[in-house]
There are 2 protein chains.
Amino acid sequence: MISIYDIAKEAGVSKSTVSRVVNNQPGVIDSKREKVLQAIEKLDYKPHSAARNLALKKTNVVAVFVRELSANFYAEFVHDINHIFDDEFNYGAIYCNRNSHSPSRVDYLGLVNKSVDGYIFIGEDSVTEKELEVLVRAGESVVVLGTNLKVDGVLSIDVNNYEVTYEAIKHLIDLGHQKIIHIGAAETSVEFQERHRGYEQALKDFGLTYNSSRNIGYEYEDAYQYGLILADEVFKEGLTAAFCFNDTAAVGLINGLQEKGIKVPKDFSVVGFDDLPLVRMTKDYIPPLTTIRQPQKDMAIYAVHSLHDMMNHVKKTENRVYKCELKIRETTSKPR
Amino acid sequence: MISIYDIAKEAGVSKSTVSRVVNNQPGVIDSKREKVLQAIEKLDYKPHSAARNLALKKTNVVAVFVRELSANFYAEFVHDINHIFDDEFNYGAIYCNRNSHSPSRVDYLGLVNKSVDGYIFIGEDSVTEKELEVLVRAGESVVVLGTNLKVDGVLSIDVNNYEVTYEAIKHLIDLGHQKIIHIGAAETSVEFQERHRGYEQALKDFGLTYNSSRNIGYEYEDAYQYGLILADEVFKEGLTAAFCFNDTAAVGLINGLQEKGIKVPKDFSVVGFDDLPLVRMTKDYIPPLTTIRQPQKDMAIYAVHSLHDMMNHVKKTENRVYKCELKIRETTSKPR
DNA sequence: CTGAAAGCGCTTACAG
DNA sequence: CTGAAAGCGCTTACAG
């Protein structure tokens, strides 16, 4: 491979001079600058980034970790974050899958150590508290998004899961529902736990006794199958509403229920979470979803800007809890 | 930050010895190994990857580039590739968005130069021919997936777009369709061009004179809007079938058409492309899609294995064109 | 089994 | 404006 030394030789100057022109520094006479540029062009020279990173102790790259890159909700974040880095800063963002369900032999954090200036972790499965502590002790800049993890020195951005769930359940109760089920993905999820708290508190505050939570997994198909099963309980137990952990689950559930002849919202009300654009695909068949919108874009912007500030020690950054908005649309109505 | 030198001092040995235990090399007496391990634990030591990369001239990381990480079809590839690297090799994979539609100030290829052992580019918008040539000249290992780019020294994996499109059009013709429209995303797309060739050849071979291609953009909404418009042409010109560049477009088109009272497949036949699992979400409202399945998983496996072989100079690898399969389901039928 | 030394490809005071 | 030299944190022959 060709190095800075080769360019120096080709152009008849020193490595120092080559370095200066590569980095667009002033104080190089035009004639030499030109020679260097030509040599670079001629030999297809690209600086070796590991060498540069080592010398500069910075990389102009940040790492973004998510549980599963192709998961819908996270994909939006990934998209936004990428664009913000692109548009506003001269930073590259790289992405890593962090699927905790498959015990991975790859230690990304070790792999990536110091080859990155900052870290963004999205979703609670993307990182552990212990890992965060190690990063902080190493002086890294890190922000976590939607994890519920609180570690000194890492900036945390989250959403008011408890309150907004309370609000959604209250909405159902106000409509007259008495038997409302809470559907989550995985019990271990802090998200689930927070929302579960909101669910139970609302039941309690309004004196409802029916109290049932179920975790069904992350996939559309899980929700669809569960809808099929749930139909029975609707008939037997007089269930009239469900609060779902995301929109994909809500759509799956609705499809499963309707398959069994239970119409939404006439016979049954459903609340989703996330307000995914994806749901457009079903828009002509399923009523617009009552759901909860997270201020995703704002969160992404704040995440990127804060990380940037942290990396440049610009100023103190502060944790933030964003408020979600209950979007009442057409999958919830009075029970009949 | 703490370096190998700090560990050496703490453990009372030389850097060489520390390096040996960090890399699990034999030939270190147990008592010293233990001391080093303790020092590492105590000081939270992680090797600086840039330094190691520079010394070793290898990184154990590959980069995967796609146009848009959150795009549906690519997301599947990303998912598969990640899992294969995880399961079979001790390699990390990092992902980069390469959205050519937003002129980016970030030169990923430069950023990532030599901080990665190999490259996978997915989809034609992920890389240019010129970039590939530069990488080859620099001796990099690179594979391209679904790009139609042929550059000496880069392994190319693609799909028989021309043939399978021909087959799909023939299927429609066999059913009795005479006016078939070809719907693409962007004219500049080689994918479009290949499929267009297949479309035109089939028309020609079977003596059809109606010949019309349209490019409508990549999003669901584009297709839906276009479906609304297309409805008119169906009435006026007697169009009876469409071949779409992907399933999302097919669903959007169907929704648009049905909105205007045109039923699929009774009044109009539609063929999709990709056989996305995503389409499940509409399965209770739209008939199962006649579409084209790409052997995606096989392609991902071959891509990862080939790249691994190239990086280790194990053996010659060969370009591959995978055959797609026309899945005849329920959105195509005889015209009425 | 162990350590001193050279080298990986860059950057950047420093001296001129 | 320019170059020689030291240094970034690691690895690995080499000598002992």
Side-chain angles (χ1 to χ4, degrees), chain A residues 1-37 39-40 43-61 107 110-117 138-140, chain B residues 1-37 39-40 43-61 107 110-117 138-140:
Chain A
M1 79 154 279
I2 91 119
S3 80
I4 197 173
Y5 179 75
D6 301 306
I7 302 298
K9 202 159 67 177
E10 175 77 23
V13 300
S14 73
K15 295 186 303 173
S16 314
T17 299
V18 175
S19 178
R20 291 189 186 100
V21 350
V22 166
N23 294 296
N24 257 312
Q25 284 171 20
V28 176
I29 206 167
D30 278 355
S31 62
K32 297 207 177 183
R33 187 183 295 272
E34 195 48 44
K35 278 216 169 73
V36 170
L37 256 13
I40 288 175
L43 303 183
D44 255 341
Y45 170 68
K46 294 240 179 200
H48 190 298
S49 53
R52 172 182 270 173
N53 295 347
L54 182 58
L56 287 177
K57 316 201 94 195
K58 114 191 237 352
T59 64
N60 268 13
V61 176
D107 174 13
L111 226 43
V112 117
N113 183 43
K114 297 290 177 195
S115 52
V116 122
D117 296 343
E140 300 290 357
Chain B
M1 80 154 280
I2 92 120
S3 79
I4 197 172
Y5 180 76
D6 302 306
I7 301 299
K9 201 159 65 176
E10 175 78 23
V13 300
S14 73
K15 295 186 305 174
S16 313
T17 300
V18 175
S19 178
R20 291 189 186 100
V21 350
V22 166
N23 294 295
N24 256 312
Q25 283 171 21
V28 176
I29 206 167
D30 279 357
S31 62
K32 297 205 176 185
R33 186 181 296 272
E34 196 49 42
K35 279 216 169 72
V36 170
L37 257 12
I40 288 175
L43 303 184
D44 256 342
Y45 171 66
K46 294 239 179 200
H48 190 298
S49 53
R52 173 182 268 173
N53 295 346
L54 182 57
L56 287 177
K57 316 202 91 192
K58 113 190 237 356
T59 65
N60 268 12
V61 175
D107 174 13
L111 227 44
V112 117
N113 183 43
K114 296 291 177 195
S115 53
V116 121
D117 296 343
E140 300 290 358

Measure the OG1-CZ distance between T17(A) and R33(A) for me, rounded to the nearest 0.5 Å.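 Going from the OG1 atom of T17(A) to the CZ atom of R33(A) covers 10.0 Å.
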
Any side-chain N or O of [X] below 4.0 angstrom from OP1/OP2 of [N]?
X      : N       : answer
K57(A) : dG9(D)  : yes
Y5(A)  : dA4(D)  : no
S16(A) : dT2(D)  : no
T17(B) : dG3(C)  : yes
Q25(B) : dT12(D) : yes
R52(A) : dT11(C) : yes
S14(B) : dG3(C)  : yes
K15(A) : dG3(D)  : no

Rounded to whole Å, how long is the line connecting atom NZ of K9(B) with atom C1' of dG9(D)?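 Whole-Å distance recorded here is 15 Å.
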
Specify the separation, in whole Å, of atom CG of L56(B) and atom C1' of dG9(C).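 Checked: the CG to C1' distance equals 14 Å.
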
Among the candidates [options], find the nucleotide nearest to the side-chain atoms of [X].
X      : options                  : result
V28(B) : dG9(C), dC10(D), dT2(C)  : dT2(C)
V13(B) : dA6(C), dG3(C), dG9(D)   : dG3(C)
K32(A) : dG9(D), dC10(C), dG3(D)  : dG3(D)
R20(A) : dT2(C), dG3(D), dC10(C)  : dG3(D)
P47(B) : dG9(D), dC10(D), dC10(C) : dC10(D)
I29(A) : dC1(D), dT12(D), dT11(C) : dC1(D)

Taking the side chain as everything from C-beta on, heavy atoms only, tell me whether V22(B) gets closer than 4.5 Å to S19(B).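 Sidechains of S19(B) and V22(B): no contact.
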
Please table the atom pairs, donor to acceptor, closer than 3.5 Å between any side-chain atom in residues 51-58 of chain A and protein atoms at least two apart or in another chain.
unit_1	atom_1	unit_2	atom_2	d
R52(A)	NH2	N23(A)	OD1	3.1
N53(A)	ND2	S49(A)	O	3.2
K58(A)	NZ	N60(A)	OD1	2.6
K58(A)	NZ	Y91(A)	OH	3.3

Between the side chains of E140(A) and K114(A), is the shortest nitrogen-to-carboxylate-oxygen separation below 4.0 Å, so that they form an ion pair?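 Salt bridge: yes.
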
With sugar-phosphate meaning primed atoms plus P, OP1 and OP2, does N53(B) contact a base, only sugar-phosphate, or nothing at under 4.0 Å between heavy atoms?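 Nothing, no nucleic acid heavy atom in range.
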
With heavy atoms under 4.0 Å as the rule, sort S3(B) into base, sugar-phosphate or nothing.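 It contacts sugar-phosphate atoms only.
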
Consecutive Watson-Crick or G-U pairs in runs of at least 3, all under 3.5 Å, in which DNA chain D is involved: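 Stems (3+ consecutive pairs) listed as C:1-3 with D:14-16, C:5-12 with D:5-12, C:14-16 with D:1-3.
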
List the steps and the verdict of side-chain contact (heavy atoms from CB on, under 4.5 Å) for Y5(B) and V18(B). CA-CA 9 Å; Y5(B) 180 76; V18(B) 175; over 6 Å; no

For K35(A) and V13(A), run side-chain contact (heavy atoms from CB on, under 4.5 Å): C-alpha distance rounded to whole Å, both residues' side-chain angles, the deciding distance at 0.1 Å, then the answer. CA-CA 9 Å; K35(A) 278 216 169 73; V13(A) 300; 5.7 Å; no

